Amino acid sequence: MPPPSPSGSRAAMACVVASEVAAVLAIMRRNVRYGGDEERLDHPLVAGLKSLRRAAATWGPRRWRDVEPLLFLGPFLDVVRSDEAGAPATGAALSSLCKVLSLDLVGPDAPGADRAMAAVVEAVAGCRFEVTDAASEEAVLARALQVLLACVRGRAARALSNRHVCDVVSTCFRIVQQAGAKGELLQRVSRQTMQEVVRCVFARLPDIDPTAVEDQKIASKNEVSSASEMGNGSDSVCLSSSQDQVGGEFGVVQDEAMMELFGVPCMVEILQFLCSLLNIAEDSQVDPNMNPIDFDEDIPLFALGLINSAIELSASSIQRHPKLLAFVQDELFRNLMQFGLSDSPLILSTVCSVIFTLFYHLRRELKLQIEAFFACVILRLTQSRYGASYQQQEVALETLVDFCQQKDFMVEMYTNMDCDLQCSNVFEDLVNVLSKSAFPEESTLSTLNVLALDGLVAVIQAIAERIGNSPQHCQQSVQELSEYFSFWQLKCENINDPDQWVRFVNQQKSIKRKLMVGVEHFNRDKRKGFEYLQAAHLLPEKLDPQSVALFFRYSPGLDKNLLGDYLGNHDEFSIQVLHEFSRTFDFKELNLDAALRLFLETFRLPGESQKIQRILEAFSDRYYEESPELFVNRDAALVLSYSVILLNTDQHNVRVKNKMSEEDFIRNNRRINGGNDLPREFLSELYYSICRNEIKTIPEQGVGCSEMSFSRWADLMFKSKRASAYIACHSYPFLDHDMFLIMARPTVAAISVIFDNVEQEEILTRCIDGFLSVAKLAASYHLNDVLNDLVVALGKFTILSIASCDDPATAFGEDTKARMATEALFTIAATHGDHINRGWRTIVDCILRFHEIGLLPACLTNDTADDEESFSASLPTKVSQVEPKKTYGLMGRFTQLLYLDAEEPRFQPTEEQLAAQRNASETIKKCQIGTIFTESKFLQADSLLNLARALIQAAGRPQKITSSIDVEINAVICLELIIAVTLNNRDRIVLLWHDVYEHITHIVQSTVMPCNLVEKAVFGLLDICQRLLPYKENLVDDLLRSLQLILKLDARVADAYCESITQKVACLVKDNATHIKSQLGWQTIISLLCVTAHHPDASDAGFEALIYIMFEGAHLSPANFVLSVEASRQFAGSRLGSAERSIHALNLMAESVNCLARWSHEVKEAGGEAERMLEGIAEMWLRLVQALRKVCTDQREQVRDHALVLLHRCLVADGISVPSSAWLMSFDIVFQLLDELLEIAENFSPKHYRNMEASLLHAVKLLSKLSLQSLNDLSAHSGFSKLWLEVLDMIEKLMKAKVRGSSRTEKLQEAATELLKNILLAMKASGILSTTSSVGENSLWEATWLRVNKIAPSLQSVVFPDYDDAVQSAQSKLDIPAVSEGRLVPV
């Protein structure tokens, strides 16, 4: 709808005026006094109204803009002012005024609007009417209130002057007082209206231009007049009557400021008036007909409510108006502090609300006032030891919690109070109060405890939310003082620059900490205290009086007895310190007794008269300097100070019976002011002040929690002018680390106590939030001790708190506290595991407990290594017992069969139990326990090591296990987790390996029977090696060496798991053969394979692994050649497998010769150290020959003969550079073989060794081939003659051999003869054997034929048909000594 046009609105004004005139006239005509008749003219009031109606009809729309509001308001105001008008007429006139003002018919720009509004206020304030009945009287008062509210609410309110605004508030208050004897409805309406009036007044403050009132001065009140109360016996009522009543009216301030238009001066006056109401109840006499509400509480509470309303609407703009701000800083806050200790919870709560609003908007301007509020009110009321009632404590804690819930409150308290040299440690004190209040005095939790919890959690969460908000450049270290400077009044240059104020605050806090240490030293020994302070550069190297005086004045915690004694000393330096100390006080505008109280609160006045004299002289000098207008000289101040001390002693010493009277005190102080008397009023006031309030010459030790006296408040205002500026932190965590250090442990202890004593889920949730915030902060600031203390404390409430019972899983599901604590514990472990060390033990204990009661997931951890096959540490809900390969005892198997079909009756759980079990399972699922181990790869090294050690510690040191039934369930689960952690941290295996290997070693060495634990240990060790070998070349030897533990297993244990172990070793070989380089590593692997050669179940798997290594030399190397050959020999000689497997093993040995040939070829081509390497290859060749030689005596004919054939091949293999020494050793091997074969043939039955003659024939051929193969290489060797004679001796043995069970050996003899013939022909052809050949003293020729003729005399003619004479000559020499049959046998 479009707004009405100006002409339309003016026409409406005429209608409104006419209507209201008619309404008032109608009411007035009911009274015969105003009823017109033909004989009388109209009453002046009626005539005025009729005249207004006629005039309004003639005013056109244009005329209305020029009409002064008084022209149409005047007749109504006349009715209101008239004492002849009855209550109905007055009420009707007031209603008309209210309507006109509410419709904004009086605009602020109308001509004479200010006079009109002033007239309305004055008329209502002076309203008089005849009382006809109580109801009409109340109606008039209610309408008067409506008019006053309309005056300050409408647009015309801007036309009011400051004085008239004050009159509006004063009149409202008078009506409130009068309503006390009226009905309840009027009481409520009057109070509500006055509150609305105050709100309307202060709501205009943001719109007031501060420059318009900058230079205005508010004059002091010249007169205080008391408001009146309506008397019940009078016939008329006047709102401005001056009869006695409760409360005082505004002082009439007739200065220019109050005559100005609506502005700041009236607001100051209103607040001053409301403050005066706070203390009015003490001196007032209460009318028995007043409101039944408790009077002592009602008036101050009402005033506080009005103050609260005013502050709520104007606080954000107060700092723009210096006069208003000054009043709030001083008088308002002082009155609030005074009422802050009220016994009434309502008053206390309202006071706290006002101060909370002031803090929110004006904390920058109220720094020391806020400190005083917390030190003297909140800290005092939250502790019962100061006499606070339970309700007071509750309100105080509620207030503190409200403050704590402001995100920046605590950090600003720490920044501005705890880090200020002249302020108390408010943050630290509040934290201590909250933490102590959280502890229940009895076992039952109270509201106070829960409130304290809310406060602590709010502070901790606020700090936690600020993590990460800090720019890196603001993280600064504190610079130590290098020299003394006057730091007491030091201020930050720019509080808006974080770089500067953070540096400043940290420096101040560092100084403050050192000061506290210095104070402790001083209290024990003054000299040592000064020495410490000088060493810390908190006092100059050469003490001066001013620096010492500042230390005494501003350092909290000094022993006041020591301080008083020091200040009273007679030495010159102490006297100078005393006078400098007194100059730190501001005694301006303080009475003598207030100044003396303030002075003596800082130390204890000593008992010696001379010291008292010096102290009072210093005080008097300072007081005279500050207040010279009262005394003519310093002596007068000194004498009166002495007199006050004596009066104080007289009045408050119980041993003084005859007390000094006022007259005595005045008489004692005559003519002390330069021969003149001091004003009697002054002395009388001083006397009664001392009588009412003792000057405590023995002040309280320590700081904080003392009441705020007037003198202390004056000192606070003095300090506030010089205090450093309030710093706003703006949610940056520059100081949060130091704050958290202070509150961490008390907070954890407090939350733990509440968590332990509460069952409500809402409170438990708040506790958990607190725990998680503490954990986040501890981890962020790397305070690992705090975090681990928290983990240990939280662990007590988890599953570990569930007592042993029949169904612990269900009990856990029913216990909300335990489930919440468990979830929080594992959340901390998963989120902040990097910073947990000793706390891992608590977490591991929880996991083990879950396993015991069957709640642990079936698959707890999964190895996430980058291999195709994923290792899974599957953990069944109950660890299954190992079923070893063998059954131990007949009775055990019988018992199993006996109970095979037996079934226990199944227990059917109830719905509640099923729900509890679901809760338990859901909690375990949320905990994600497995991530602790699968994500352990991301843990810091120290935390990871502590996790592993916690698992090892929880497993316990294994004892001797003699039963196959494993009772060490915890040890098994811990071992599996240890292995999972190890596998998930392959890159840090060095860190873990020592502890893990040592633990597995203990298990292996302590186990003498098969069990689950040793099985997990052995196979876990194999898994570790298999998975880590490809990634840790530097640890290959250490890992493989660890497998030697398997070789140390008890025989029964090894036998039970041999097959599985072998399969694992085979997999390890197949996956990692290329990564095994060293001989030590291969020695371990092949030793494990060799063990399996004689095990019926494991030999196949072991041989398969050996084939993988040796087949076609795929993985043979110089490091494992000899070991592999020896392993093949054991498999070849093993009777467990078939002959075909033995033959296969022999073939592997024979094929390995190809590797030797290849290596020889590579070495020759490479050059370098070829000779040494060829010697090594020759040594390996000899080991191969030796190994084959051992199989050549096998009992099985097929194996034996095949071994001889392969030995033959190896001896005559091409491509291997065999030196002469090696050839000689090979002959020894063959000789040894022949000796063994001959021994077997001659001594063993053919049933055991079949067809030994054929084996001997193979051996003869072997010797023949060897001799012919090496003839050329050995002929030049110095030992050739000896070797040749040994060959002849062996042939001679063969010729004489008798094979048991065989009567004919012709084939063997023929073979031996043929062997000899071929050798002789070869020697002849090569020129080795001739008549000219000689070795040593005897010729080879002669020695040869000496042996040959014994064996086969006919060979000489066959080989050397032309040398008969030579033969005869040789035969004639029968005295040739026989050659020794000694031979070299390689080791």
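Note that the structure is a prediction, hence the values are computed from the model and not measured.
- Side chain of S582 to main chain of H579: a donor-acceptor pair is present (N/O by atom type, distance under 3.5 Å, no hydrogens or angles).
- Applying the salt bridge (charged side-chain N to carboxylate O under 4.0 Å, His left out) rule to E122 yields the partners R163; only residues at least two apart in sequence or on another chain are considered.
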Go through the steps to decide whether K367 and D420 satisfy the test salt bridge (Lys or Arg N to Asp or Glu O under 4.0 Å), and finish with yes or no. CA-CA 11 Å; K367 177 178 177 178; D420 192 318; 2.6 Å; yes
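- For the pair K560 and T602, the minimum side-chain heavy-atom distance is 4.5 Å or more.
- Contact record, F522 with L562: O-CD1, 3.8 Å, taken as the closest heavy-atom pair.
- Between F587 and F619, the distance separating the two ring centers is shorter than 6.0 angstrom.
- Considering CZ of R380 and CZ of F373, their distance stands at 14.0 Å, rounded to 0.5 Å.
- Judged by distance alone, with hydrogens and angles left aside, the side-chain atoms of S574 form no donor-acceptor pair with the main-chain N or O of H570 at under 3.5 Å.
- Across all non-hydrogen atoms, the minimal contact from S424 to E371 is N-OE2, 2.7 Å.
- Within the 3.5 Å criterion, the main-chain N or O of M717 finds a donor-acceptor partner in the side chain of S720.
- With 3.5 Å as the limit, one finds a donor-acceptor pair spanning the side chains of D593 and S689.
- When side chains are defined from C-beta on, F581 does not count as touching V548, because their heavy atoms never get closer than 4.5 Å.
- Note that the CD1 atom of I695 and the CG atom of L598 stand 11.5 Å from one another [nearest 0.5 Å].
- Residues F603 and F552 keep their aromatic ring centres 6.0 Å or farther apart.
- Without hydrogens or angle criteria, S314 side chain to A310 main chain gives a donor-acceptor distance under 3.5 Å.
- You'll find the side chain of L592 reaches within 4.5 Å of the side chain of Y623, heavy atoms only.
- Looking at heavy atoms from C-beta onward, F374 lies out of side-chain contact with M417 at the 4.5 angstrom threshold.
- Legend: residues meeting ring pair (Phe, Tyr, Trp, His ring centres under 6.0 Å) with F359, ordered by chain and number and at least two apart, are F403, F409.
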Pair up each side-chain donor or acceptor in residues 627-634 with any protein partner under 3.5 Å, not counting sequence neighbours, and list the distances.
residue : atom : partner : partner atom : Å
N633    : OD1  : D635    : N            : 3.3
N633    : OD1  : A636    : N            : 2.9

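- Within a 6.0 Å radius of CD in E625, more than 12 heavy atoms belonging to other residues, nucleotides or ligands are found.
- Side-chain contact between E694 and Q651 is absent, with no heavy atoms from C-beta onward closer than 4.5 Å.
- With rounding to the nearest 0.5 Å, the separation of CD1 in I615 from OG in S641 is 12.5 Å.
- Checked by atom type and distance alone, the side chain of R597 pairs as donor or acceptor with a backbone atom of N693 at under 3.5 Å.
- Taking the side chain to side chain contact (heavy atoms under 4.5 Å, CB included) definition, one finds that L366 meets it with Q329, F333, L358, L362, Q369, I370, sequence neighbours left out.
- Here the CG-NZ distance, from D565 to K611, works out to 4.0 Å after rounding to the nearest 0.5 Å.
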Give the intermediate values and the outcome of side-chain contact (heavy atoms from CB on, under 4.5 Å) for residues L686 and L647. CA-CA 10 Å; L686 193 61; L647 174 64; over 6 Å; no
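- Side-chain contact between L277 and L306: absent, with no pair of heavy atoms (C-beta onward) separated by less than 4.5 Å.
- Of all non-hydrogen atoms in N416 and A725, the two that sit nearest each other are OD1-O, 3.8 Å.
- E589 is linked by a side chain to side chain contact (heavy atoms under 4.5 Å, CB included) to nothing, counting only residues two or more places apart in sequence or in another chain.
- Residues meeting the salt bridge (charged side-chain N to carboxylate O under 4.0 Å, His left out) test with R553, sequence neighbours left out: D715.
- Taken to the nearest 0.5 Å, the NZ atom of K696 stands 15.5 Å off from the CG atom of L605.
- Residues F273 and F173 form a side-chain contact, since some pair of their non-hydrogen atoms from C-beta on lies under 4.5 Å apart.
- A 6.0 Å sphere centred on CD of E608 holds no more than 12 heavy atoms belonging to other residues, nucleotides or ligands.
- Every residue meeting the side chain to side chain contact (heavy atoms under 4.5 Å, CB included) condition with D343, not counting sequence neighbours, appears here in chain and number order: Q392.
- A distance-only check finds a donor-acceptor pair linking the side chain of D677 to the backbone of R671 [under 3.5 Å].
- Looking at every heavy atom in both residues, C691 comes nearest to H652 through O-CE1, 3.4 Å.
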Starting from the C-alpha separation in whole Å, work towards a yes-or-no answer on side-chain hydrogen bond (donor to acceptor under 3.5 Å, both in side chains) for N308 and S353. CA-CA 7 Å; N308 191 29; S353 298; 5.0 Å; no
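- Judged as a salt bridge (charged side-chain N to carboxylate O under 4.0 Å, His left out), and not counting sequence neighbours, E617 has no contacts.
- With contacts defined as side-chain heavy-atom distances shorter than 4.5 Å, the pair L379/Y386 does not qualify.
- The neighbour count for K721 NZ, taken as heavy atoms of other residues, nucleotides or ligands under 6.0 Å away, does not exceed 12.
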Would you sort out whether L616 and L596 count as a side-chain contact (heavy atoms from CB on, under 4.5 Å), showing the intermediate values? CA-CA 9 Å; L616 290 180; L596 195 57; 4.2 Å; yes
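- K659 NZ: more than 12 foreign heavy atoms inside a 6.0 Å radius.
- For F202, there are no ring pair (Phe, Tyr, Trp, His ring centres under 6.0 Å) partners, not counting sequence neighbours.
- Sorted by first and then second residue, the pairs that involve residues 678-687 and meet salt bridge (charged side-chain N to carboxylate O under 4.0 Å, His left out), not counting sequence neighbours, are E663-R680.
- In this structure, CG on D330 lies 11.0 Å from CG on L325, to the nearest 0.5 angstrom.
- A donor-acceptor contact shorter than 3.5 Å links the side chain of R622 to the backbone of F585.
- Although no hydrogens or angles enter the test, the distance criterion places a donor-acceptor pair under 3.5 Å between the side chain of R614 and the main chain of G568.
- For L646, the side chain to side chain contact (heavy atoms under 4.5 Å, CB included) criterion is met by no residue, not counting sequence neighbours.
- For A372 against L716, the heavy-atom pair with the smallest separation is CB-CD1, 3.4 Å.
- Although no hydrogens or angles enter the test, the distance criterion places a donor-acceptor pair under 3.5 Å between the side chain of D559 and the main chain of N561.
- In this structure a side-chain-to-backbone donor-acceptor pair under 3.5 Å is missing from N591 to A594.
- The number of heavy atoms from other shown groups lying within 6.0 Å of CG (N658) does not exceed 12.
- I612 and G607 make their closest contact through CD1-O, 4.0 Å (heavy atoms, listed as atom of the first residue, atom of the second, distance).
- Listed by chain and residue number, E412 satisfy the salt bridge (charged side-chain N to carboxylate O under 4.0 Å, His left out) test with R363 (two or more places apart in sequence, or in another chain).
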